[in-house]
Amino acid sequence: MPHQVMGEALDVRRAGSYFVLSLTAPGISEDARPGQFVTVAIGGLESSMLLRRAFAIHRVQSRGVYGGTLEIAVSPHGLGSRWLTERRRHDQLSIVGPLGKPFSIPSRRVSCVLVGGGYGSAPLFMLAEHLRDNGCRVDVLIGASTEEKLFGVLDLKRLSSSITVTTEDGSSGETGRVTDRLAELIDRSSADIVYACGPMGMLSAISAITAKRRVFTQCSVEESMACGIGVCMTCVLPVIGDDGVTRMVRSCVEGPTMRGDRVRWADVGTIPADAWGAAEAP
Amino acid sequence: MPHQVMGEALDVRRAGSYFVLSLTAPGISEDARPGQFVTVAIGGLESSMLLRRAFAIHRVQSRGVYGGTLEIAVSPHGLGSRWLTERRRHDQLSIVGPLGKPFSIPSRRVSCVLVGGGYGSAPLFMLAEHLRDNGCRVDVLIGASTEEKLFGVLDLKRLSSSITVTTEDGSSGETGRVTDRLAELIDRSSADIVYACGPMGMLSAISAITAKRRVFTQCSVEESMACGIGVCMTCVLPVIGDDGVTRMVRSCVEGPTMRGDRVRWADVGTIPADAWGAAEAP
Amino acid sequence: MTRAIIGYGGTDRGPVGARADMTTDLAGIELPSPILTASGCAASGKELDAYFDITAIGGVITKSIMLKPRAGRATPRMAETPSGMLNSIGLQGPGIEAFIEEDLAWLESRGARTIVSIAGETVDEYGKLAQKLRNVGGFEALEVNISCPNVDDRGLVFACNPDSAAAVIQAVRRNSDGRTPIFAKLSPDVTSIVEIAESVVRAGAAGVTLINTLLGMVIDTGTMRPALAGLTGGLSGPAIRPVAVRCIFQVRQAFPSLPIIGAGGVRTGNDALEFLLAGASAVSVGTSIFNDPSAPMRIHDELARLVAERGFARVSDIVGHAHRERDAIVTEAQADPVESPEGAPASDPDDELSAWDFVRE
Amino acid sequence: MTRAIIGYGGTDRGPVGARADMTTDLAGIELPSPILTASGCAASGKELDAYFDITAIGGVITKSIMLKPRAGRATPRMAETPSGMLNSIGLQGPGIEAFIEEDLAWLESRGARTIVSIAGETVDEYGKLAQKLRNVGGFEALEVNISCPNVDDRGLVFACNPDSAAAVIQAVRRNSDGRTPIFAKLSPDVTSIVEIAESVVRAGAAGVTLINTLLGMVIDTGTMRPALAGLTGGLSGPAIRPVAVRCIFQVRQAFPSLPIIGAGGVRTGNDALEFLLAGASAVSVGTSIFNDPSAPMRIHDELARLVAERGFARVSDIVGHAHRERDAIVTEAQADPVESPEGAPASDPDDELSAWDFVRE
Ligand SMILES: Cc1cc2nc3c(=O)[nH]c(=O)nc-3n(C[C@H](O)[C@H](O)[C@H](O)COP(=O)(O)OP(=O)(O)OC[C@H]3O[C@@H](n4cnc5c(N)ncnc54)[C@H](O)[C@@H]3O)c2cc1C
Ligand SMILES: Cc1cc2nc3c(=O)[nH]c(=O)nc-3n(C[C@H](O)[C@H](O)[C@H](O)COP(=O)(O)OP(=O)(O)OC[C@H]3O[C@@H](n4cnc5c(N)ncnc54)[C@H](O)[C@@H]3O)c2cc1C
Ligand SMILES: Cc1cc2nc3c(=O)[nH]c(=O)nc-3n(C[C@H](O)[C@H](O)[C@H](O)COP(=O)(O)O)c2cc1C
Ligand SMILES: Cc1cc2nc3c(=O)[nH]c(=O)nc-3n(C[C@H](O)[C@H](O)[C@H](O)COP(=O)(O)O)c2cc1C
Ligand code: FES
Ligand code: FES
């Protein structure tokens, strides 16, 4: 059950090229599960930006001095996210959440590989804690184009059995991409499941690798969203259902976590001709 | 010569129902003369409010620790002015000024009555100082609907030979309006000139009183302005020129200070049929 | 700006103020509030019911439904614009059968009032939709979204041609029960909105919904291509509000008793009030829901106070009030206790005063 | 956001970056920049010259001038709207004689490039204006503001009827020297902007300016009356930018070699770039000047960098670039060094993996 609340900025701190915002978010932090997200309004009535921005829930604390608090990691990109990184202590923010389908958690003690690209590692913190509490083995693989864009290396090290870091420019860890190391890590850790969060191209490549190895994979996708709550139909992507039929599925309510083998990665951005309700060829 | 600068908020303090903003405004504070105004942008690129808001220059200091600073008195009215009153120390503001025609200053040592309604007394501070420095007698008459809406009573007392205060509800000074006391004050101080700033209705009534007594009057008018710099033609009102012809005159560049006897008060908001360029009757 | 979720009839937390009677008559339907959700911005109400009591507002205008299931347009389907957004959803939806079985059934069981929006690609499709709905009932009114390309007319939008617009409304009227009011939803992208309104009214529309989105486009300066997969999209949000108010005012002026559902950028109770004053009997809230999921309820609440503050007991009394005759003109100068400036000093610029030798420093 | 006033060719203060050659050909006129001021938002350039060097941008499009002096509409003449404003100035101005003697003379002596905008109430008036201007010269082009009510056609706006629009352009062409390019400035308030563009091009316009304001209205909820004395006004500012981009794109698509001056909500160099990509050869800046008096210069500067950053040496090379053919489609997955997902695991939903017993907590 999502909440719509006014939260207060408690702290805004830099982390590499990202900013971590700590917010009070009564109700939301208590209910949040790994892989869910919140949406934040950019400014009040005076703002020209109407659309909320979605952020993966990075960490929550349900009984701090401030009541429930949560953290999000913001990459300063366009006007909206930059506005957020300029918030100061005591600024008020309108927050809706927790939203979306959380990651599925295995009911058995299995071996899990968590892959994060860029700020995509933010939601992996809660997930790693959760999996460890359930007795799962957790190996982490994170990558970015350059060191500054890695998020949370030190903290993730504490939460995992092993951590592998890649950067494309070699400024930290191994030179290359996470996908260069994934197969090896799956084999080394005898992974039963892969969780991934990052850019769509990375998720697509990961799903290809894990499909070959028949390792169950959950990806957290990032499609542009207008509402974040399931009413507008902007955030769709082609997903194969249990019945084998491809549908244009809302990633805000039926995602953002999705089975990697169910998303038709190569067809994202199109309406596949065999999708349910696709127009006949003209 | 106007300047377009980024200023910094040094202080925002309450004064009755108003807020006084102190701003750094290099160049502007040095050049400002009594009766001129500045315009302030409401927010940056993320703002939905494009139009600058005009504020009478209340006080200036050209050699403070911060370089040139200026003060404006803001009445929280709609979204824009309220946004301004919520600024905090170190916030940046885009300021343009000094704009408009300053009050005309007498070249002889004469007796002056300064009338302010509501925040209309804000620009009278600089004017009073100026007139006193020139050896003029200064009597002040200020009024508002209620005590909270009087602006700067104590400071104006120090700058003037006498001060008369009126409130419509009698919460401070005499019960009534400034126009109830003006004739008497003109006679008592043998005023040669009346300066007035306040709502248009007040300026109209004052001009009627002073016209009867043939006392030279300068009013600072407040018309809604889109540009404040003379390029858009939104801020016009009917004014009689030296040649006796009524023209629709831009109050941002040919005002805001205007001779009370030249403004066709009863016709403000219309195009008088005898105005230069008025459409023939349809 | 704390947004409380206040149920209808719930406790006020603000300064106690009177609230107007919000009951609204819309072409004969009685609604507890003039505030509706706009088609395509609330799906079928289910998701929003988590943020406020969906039965407490006037009603839900459902996402335009077509005969068959439809996958819609490719993504990206939206782009944010200053105080607005573009969308090109392409009417993704489950088709009328599934809509009736699931969405309409849910709305009925929930006790919400429903206005069903329908859309088609041919005149015939609209007629079939009306027929199917006639057989099931369970809704208050039909809204006919005619901002769709007409496949029989080189893809020209029905709403942009008075004859096509009329043909659709006639088909719907012939296939519905004659009691259920039909609202034609018009596009502002026309030379004369009054001309289109006239033609749909003649064709049997009980009222009109003003306005659908404006055709717009955004180019992504990174890829240097149109931002939307569908190239153009519909512009909505507060950016278009002045266009909506103008359309409502013009149509109200031309047809003073025609019921109008206003839409276009309503974000606050004050905006809704503006629409009512211009002549709308009801107001639908669209894009603002994306900013504030409880917007319809908040707007209802704000409106109830604003109407009462203006001394109106019933919200219906304020509809079209901006069209009233001018009051006798009383200028502030005349209203002032001070005598009016007789003897016109203003016309005497050459008197002794101007002889004064003022020197600007 | 410090806005430096940087003269053309002046020193860059930001990180040193390449700047594109900003020289622009507009229907045969050579301009040092594609950035112009929009008619009615810069008067005749004199006031703005205090904020930036008015000769450093492409040129000034002057406030539309009429034959006779004109007092304009009653006040209030403007209302702020979300990311925009309404204006109803009513073409206040000194008349063509005074304009030529004062404004045009000043612009010429200052060395600025001028596009003179003219407006009339009859076809004949437009012709007379062209004639008077032909005799004096001193400007680069004519912009014909046809968004004026045609007194000979029940007050219908010239720009809303292809025949009236064409008649005006013919009259102007007949009365001008045949060398000076004529731009017809079109209104977006029409069912088909391409139809109007076609008719003015046939009538002899060298190019079109897109777009003038949209007809809008604001109701003051305090007085409960229209906020503007003229009731309706023209909507401008970033709010309408997506409509402007759409109009430019459509007209460019229909007439790929027609010179277009874009207008409508340009606030940054990025916005100007969007217009160029859509097909405008030059871009005029209007309402944004009210927000930032040095906006045209700032936008020129921002644009010069953005164009260079994209690897274009000349700003003219980017005009219409959003219309280029689609590149061969390379999806990110294919571009990735990892092998592409052959064997389509996606089509195999019933494999052993789904047998896994995941329990949601
Ligand atoms: C489920 C989900 C989780 C996300 N988690 C994070 C996170 O943890 N940290 C983080 O920094 N960002 C995250 N994002 C992206 C974030 O929501 C913003 O979209 C991004 O910060 C860009 O917004 P902007 O205002 O800076 O860009 P602008 O260019 O101003 O955005 C304009 C519009 O485009 C949309 N948009 C732009 N870029 C993206 C993008 N990459 N993905 C989706 N929409 C986009 C914006 O949401 C907005 O509606 C997430 C997005 C989704 C959908
Ligand atoms: C020359 C001049 C001097 C001024 N000096 C002061 C001052 O010293 N202190 C002060 O508090 N205000 C002053 N004002 C009014 C001020 O500029 C704002 O208009 C006012 O604060 C309302 O703006 P808002 O954003 O709160 O209202 P909104 O309702 O958001 O304003 C919407 C638009 O209407 C215009 N508007 C609204 N009310 C007025 C008004 N009363 N006068 C002119 N335009 C208006 C605004 O400027 C804006 O463009 C002055 C105005 C002018 C023209
Ligand atoms: C994402 C989205 C989807 C829409 N879908 C529909 C639709 O299916 N049928 C329809 O008649 N209008 C549709 N509209 C238009 C709205 O109902 C409304 O007329 C328009 O957006 C203006 O109102 P607003 O500014 O409050 O959103 C849609 C608008 C948006 C933003
Ligand atoms: C105050 C004002 C006055 C205008 N006057 C004219 C005019 O005289 N002639 C004209 O062709 N356009 C006029 N316009 C329209 C602008 O030139 C421009 O086409 C429109 O405002 C859209 O651009 P913008 O959003 O950059 O302002 C005026 C616009 C404004 C805001
Ligand atoms: S973002 Fe609106 S349905 Fe997903
Ligand atoms: S406000 Fe633009 S001319 Fe005065």
Side-chain angles (χ1 to χ4, degrees), chain B residues 1-7 39 41-53 78-80 92-94 96 99 200 223-238 245-253 267-280 282, chain D residues 1-5 37 40-48 50-52 63 66 68-95 121 151 227-229 236-239 265 267-268 270 286-294:
Chain B
M1 181 75 175
H3 307 269
Q4 180 180 0
V5 300
M6 289 305 294
T39 58
I42 307 297
L45 281 177
E46 78 297 341
S47 168
S48 68
M49 285 177 281
L50 281 181
L51 302 180
R52 293 173 163 269
R53 304 303 196 251
L79 269 184
Q92 300 286 306
L93 290 168
S94 161
V96 171
L99 296 169
M200 296 296 267
E223 270 290 339
S224 132
M225 295 179 176
C227 76
I229 60 170
V231 296
C232 76
M233 314 300 284
T234 61
C235 61
V236 300
L237 72 185
V245 176
T246 297
R247 290 183 184 76
M248 298 309 294
V249 153
R250 291 166 302 174
S251 62
C252 66
V253 287
D267 297 324
V268 168
T270 71
I271 308 291
D274 60 345
W276 181 245
E280 295 105 69
Chain D
M1 249 194 38
T2 313
R3 280 158 186 166
I5 298 162
T37 62
C41 300
S44 293
K46 206 168 189 167
E47 290 84 0
L48 291 187
Y51 298 90
F52 65 92
K63 166 92 190 154
M66 304 189 76
K68 302 227 180 93
R70 190 165 162 117
R73 290 237 184 86
T75 56
R77 288 179 172 183
M78 72 98 173
E80 195 180 44
T81 69
S83 297
M85 65 174 283
L86 289 186
N87 87 79
S88 105
I89 307 298
L91 294 172
Q92 178 171 349
E121 293 179 311
V151 295
L228 301 180
S236 64
R267 191 170 182 186
T268 65
N270 196 58
T287 306
S288 294
I289 291 174
F290 308 161
N291 178 263
D292 171 9
S294 50

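Throughout, protein chains are lettered first and strands after them, A, B, ... in sequence-line order, and every chain is numbered starting at 1.
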(request) Please flag which part of B:Thr234 lies under 4.5 Å from any non-hydrogen atom of chain D: side chain, backbone, both or neither. (result) both
(request) Flag the one option from B:Ser224, B:Ala226, B:Gly80 with the top tally of heavy-atom pairs under 4.5 Å to chain D. (result) B:Ala226
(request) Find the distance between SG (B:Cys252) and CE (B:Met225) and round it off to the nearest 0.5 Å. (result) 5.5 Å
(request) Check whether any side-chain heavy atom of D:Arg267 sits under 4.5 Å from a side-chain heavy atom of D:Asp292, and report yes or no. (result) no
(message) Quick check for you: to the nearest 0.5 Å, what is the distance between B:Asp274 atom CG and B:Asp267 atom CG?
(response) 7.5 Å
(request) Could you tell me which of B:Val236, B:Leu79, B:Leu237, B:Val96 has the largest number of non-hydrogen atom pairs under 4.5 Å with chain D? (result) B:Val236
(request) With a 4.5 Å heavy-atom cut-off (strictly below), which parts of residues 85-93 of chain D touch chain B? List them by number. (result) D:Met85, D:Ile89, D:Gln92
(message) What part of D:Pro293 gets within 4.5 angstrom of chain B, counting heavy atoms only: side chain, backbone, both, or neither?
(response) both
(message) Looking only at side-chain N and O atoms, does B:Glu223 offer a donor or acceptor that is under 3.5 Å from a partner on B:Ser251?
(response) no
(message) Between D:Gly45, D:Pro238, D:Gly237, who has the most heavy-atom pairs with chain B when the cutoff is under 4.5 Å?
(response) D:Pro238
(message) Let me confirm one number: the CD1-CG distance from B:Ile229 to D:Leu48, rounded to the nearest 0.5 Å.
(response) 5.0 Å
(request) Answer yes or no: is there a donor N or O on one side and an acceptor on the other, between the side chain of D:Thr268 and the main chain of D:Asn270, under 3.5 Å? (result) yes
(message) Using 0.5 Å steps for rounding, measure from the CD atom of D:Glu47 to the CD1 atom of D:Ile289.
(response) 11.0 Å
(request) Please state whether the side chain, the backbone, both or neither of B:Met248 comes within less than 4.5 Å of a heavy atom of chain D. (result) both
(request) Sort B:Ser47 into side chain, backbone, both or neither according to what part of it lies under 4.5 angstrom from a heavy atom of chain D. (result) backbone
(message) Listing request: all salt bridge (charged side-chain N to carboxylate O under 4.0 Å, His left out) pairs with a residue in residues 69-83 of chain D, at least two apart in sequence or in separate chains.
(response) B:Arg53-D:Glu80, D:Arg70-D:Glu121
(request) Enter the distance from D:Thr75:OG1 to D:Leu228:CG here, rounded to the nearest 0.5 Å. (result) 10.5 Å
